[in-house]
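Here's the structure we're looking at; comments come further down.
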Amino acid sequence: MEMKFIPIDFDYFDYEGKNYIEIFGRNEDGKKICVIDFFEPYVWAILEDNLKEKKINEILSRINSISLNSKGRETKVEKTQIKEKNFLGKSVKAIKIYATNYKDLPEIAEHLKIEGIEKIRGYDVGITTSYIIEKKIEPMNWYKISGDVLNESDDFGGIDRIIETDFVIKLEKFSSLKEENFSPKVLCYDLETDSLKPENGEILMVSLYGENFKKVITWKKKKTKHEYVEFVKDEKELLEKFTEYLKKISPDFLVGYNSDSFDLPFLKTRAKILKIQLPLGIDSSEPSISKGVFTRGKINGITHVDLLKFIKTTYSQYMQSESMSLKEVSKEFLGDTKKDFELRHSSKISDWEKYFEYNLHDSNLTFQLFEKFWPDILEFSRVIKEPIFEISRNGLSKQIESYILHHLEEFNEIPEKKPGISEIEERRRKGNVEGAFVYEPKPGLYEDLAMFDFTSMHTSIIISHNISKETLTDSKKNSTESPEILVGGKRKKFYFSKKRGFFPEILKGIFEKRKIYKEEYQKNSNLITKARSNAFKLLSASAHGYVGFFGARYYSWEASSTILAFVRKYNLETIKKIENSGHKVIYGDTDSVAFTREEKPKSEIKVLLKKLNDELPGVMHIDLEGFFKRGLWVTTRSGETGAKKKYAMINEDGNLKIRGFETVRRDWCSLARITQDHILRLILKEGNEKMALEYLKEIIEKLKKRQIEKNEIMIKSSIKKPIEEYKSITPHVVAAKKMQEKGIVFDPFTSVEYYVAKTNTKSKLIRDRIKLNGEPGEYDINYYLQNQIIPSVENIFQVFKIDVKEIVDGKKQEKLGKWF
DNA sequence: ATATACACGGATCCCCTATTTCC
DNA sequence: GGAAATAGGGGATCCGTGTA
């Protein structure tokens, strides 16, 4: 049979000791397909230099005789091939060793510690990744496939009778197609339970939401006018109904929000407690929950997506939301707000109709979010060449590494291994590399500024200077030297070969595509071009972080420190050049320089920019970040020095760029944030601090008169580790403990909220005076004045030689006039 | 499990010394 | 009068959250 096929999810099974790949996807008619293919797992043995043929043959015969019994499985070396390959900048002779079963590769590798073999590699690349590399059947791309349809067949132990797809096909031939269009079948779900722990509470209801499908399944028989509410007898039937709908709809993606750690494990545990099966998989298998710091919930044949994870790793750096809750995230991306509903124990719920609505709404929001992010998810999968199950969960280092692994073939390169535990420890012991340079600003209000910044600075340095683990060399010949680096107190230079390395070349590919897709997006703005641009932007931006990451295959201390030495060098040189052309540099951080125009026209600034760019090597480039009417820099809280990473500028359209100020920090109360923001705006827009001071006085008056609303004084923060691990018992820890006493379960990243109240305790510690939102009490005027309002604005007014403290205390107010 | 370094600033912790309290 | 308790100052450290 012949058909078009788009692979979505990859898995494998063993049959008679060998590995077979299962690919789940759709054909052109939207039928669900499982493609079965044979896969021969292999490892690489890299030979020592200049081995005699006789020696190589000896090694080969030893390898070919390897046969072992592993966990009741007969495994042996099936065949070997000698290949000319590259490994970390060297041409090598290597033996490609095929073994019976993928799971035995590490054990085979143990038996390869033979004289003449220098290194063994490739045993730690995942089976799906290896398969995709080897066969070039990539996720989310269309193929024309042909092969036998298995129907009531005994092949592979009768697997087609277990797998509930429209067709199970044994792959014979395939070829790539150009088509791109694909609309996935998506089902979103959300549970409502009586407890956060499955041991302590039942599932009250579960909602499902897909295209033309909405459903709330519940055993709580309450009155409702909604047709989508379906009643079942009890929790057991609820689970069965859920399974039934999942099978009937048979989506490509089952999507939840935080469902890896909550919904799916909850379903599984409840089924276990009720002693029933939960056969969600396409082969009627139960979902598998892999425990770790981050749990992953997998369902065979259906890609389970936890949308929270994807959004967190991919977008949280660029998001405005102050938490990753469904409510906040939906607000940011959909403009929709979550229905308000106070979650409580079912025995205390009075309005069940609202609860049903709320439950469905969450699935609905998840569905809308998935639709919104679908172009990005699809593009990530295509670009990185890993299934959506992986790319929707993996962190940045894994994404980069996957991209690299899938591009090594183009360089005939054997993959490097993952570092072992001792190697990781060693890398961590070696300590951090020195980072970027930050220019210390002189506090003040400046007029008519320009800001330059380097485009993708670290990445363009790697590419332009050919820096990476494999280009590092001892030889000064045919290499370029790094700027001086301090290693254990001594100045040192590293050398990098002039011969292009695969790592910088792969990055160059990313860099160029990022440029192309960015231009494409600017020319033709749509969700696809945006997603493509985003994918390459993210890969490009995290490349240097990957090189310095202790868990990376291509980690290199020398490369990382050299990249950063170049970062410092280029920034300092640019600062100097801008100063030499008659400007006053105000500030610079890593890849940017802000300076005053000194009455020079914009055209002249652009000429300067061109001159700077002409002097840069390779793909390095400086951009004009913008012209600004005014900019404000302040001192640090303690002392006379100018504060770094803290400034506010206004451009000529009146838009503000505020960095680092309390305004943008979520761990300050909104009263302080809003006050500071307003004051910054008044100063920057008008260039006049007088109005700002009047405004401040009004706020202080209101505060003193207790006219400030509770929500404006709440201080938010989040818990980052188990509460008992805190060495310092800070207010936010106390708030967390108070919440815990109320029965709220704490995961890392739970946010807490509290305010400082007026109490009659003698203690001077703030933690003894905090109260949660619901707790009755009055706010401590003095605290909010001295610890929130004043600190947030004091340094701003200090620029204008106004002492806010004196004004607050009512002293010297009459003398104020002399400043104006 | 896990991209990097630099930076600010609040709050507590901890050590030291001076002062007060108690017998 | 002397020992123990307490207060307070100040630097170190912890901690969360920013910028790049």
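Here is the naming used below: chain letters follow the sequence lines, and residue numbers restart at 1 for every chain. Everything quoted here is computed from the prediction, not taken from an experiment.
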To the nearest Å, give me how far apart [atom1] ([X]) and [atom2] ([N]) are.
X	N	atom1	atom2	value
Trp668(A)	dA11(B)	CH2	C1'	12 Å
Lys309(A)	dT2(B)	NZ	C1'	13 Å
Tyr555(A)	dT2(B)	OH	P	18 Å
Lys418(A)	dA1(B)	NZ	P	9 Å
Lys537(A)	dA20(C)	NZ	P	13 Å
Arg666(A)	dC15(C)	CZ	P	18 Å
Glu401(A)	dA1(B)	CD	C1'	14 Å
Glu662(A)	dA7(B)	CD	P	18 Å

Remember a base hit wins even if backbone is also touched, and classify [X] as base, sugar-phosphate or nothing at under 4.0 Å, heavy atoms.
X	answer
Gly545(A)	base
His458(A)	nothing
Tyr726(A)	sugar-phosphate
Lys764(A)	sugar-phosphate
Val733(A)	nothing
Arg637(A)	sugar-phosphate
Gly551(A)	nothing
Gln399(A)	nothing
Asp453(A)	nothing
Ile729(A)	sugar-phosphate
Trp557(A)	nothing
Tyr587(A)	nothing

Side-chain N or O of [X] less than 4.0 angstrom from OP1 or OP2 on [N]?
X	N	value
Thr730(A)	dG10(B)	no
Ser718(A)	dT17(C)	yes
Tyr783(A)	dA11(B)	yes
Arg665(A)	dC8(B)	no
Lys727(A)	dC14(C)	yes

Which nucleotide in the list [options] gets nearest to the side chain of [X]?
X	options	result
Lys721(A)	dG18(C), dC15(C), dA5(B)	dC15(C)
Lys645(A)	dT4(B), dA20(C), dG9(B)	dA20(C)
Lys644(A)	dT19(C), dC15(C), dC8(B)	dC8(B)
Phe549(A)	dG9(B), dT17(C), dT4(B)	dT4(B)
Asn432(A)	dT17(C), dA5(B), dT12(B)	dA5(B)
Ile766(A)	dC15(C), dG18(C), dA11(B)	dA11(B)
Phe294(A)	dA1(B), dA20(C), dA11(B)	dA1(B)
Leu564(A)	dT4(B), dA5(B), dG9(B)	dA5(B)
Tyr647(A)	dG8(C), dT19(C), dC13(B)	dT19(C)
Ser728(A)	dT19(C), dC15(C), dC6(B)	dC15(C)

Before you tell me yes or no, could you show the steps for Glu328(A) and Ser323(A) under side chain to side chain donor-acceptor pair (under 3.5 Å), namely the whole-Å CA-CA distance, both residues' side-chain angles and the distance that decides it to 0.1 Å? CA-CA 6 Å; Glu328(A) 288 269 334; Ser323(A) 87; 4.8 Å; no
Does Arg393(A) reach the side chain of His304(A), with side-chain heavy atoms less than 4.5 Å apart? yes
Please check this pair: side chain of [X] against backbone of [Y], looking for a donor-acceptor N/O pair closer than 3.5 Å.
X	Y	answer
Arg666(A)	Lys716(A)	no
Arg568(A)	Gly435(A)	yes
Ser560(A)	Trp557(A)	no

Between Arg428(A) and Asp667(A), who's closer to the 5' end of DNA chain B by nearest nucleotide?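 That would be Arg428(A).
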Report yes or no: do Asn258(A) and Ser261(A) form a side-chain donor-acceptor pair below 3.5 Å?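 A donor-acceptor contact under 3.5 Å links the two side chains.
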Within a radius of less than 6.0 Å around NZ of Lys515(A), do more than 12 heavy atoms belonging to other residues, nucleotides or ligands occur? no
Tell me if the side-chain of Arg659(A) makes a donor-acceptor pair with the base of dT19(C), cut-off 3.5 Å, by modelled atom types. no
Do the numbers put Lys721(A) on top of the ring of Tyr726(A), so that NZ or CZ is under 6.0 Å from the six-membered ring centre and no more than 45° off the axis? yes
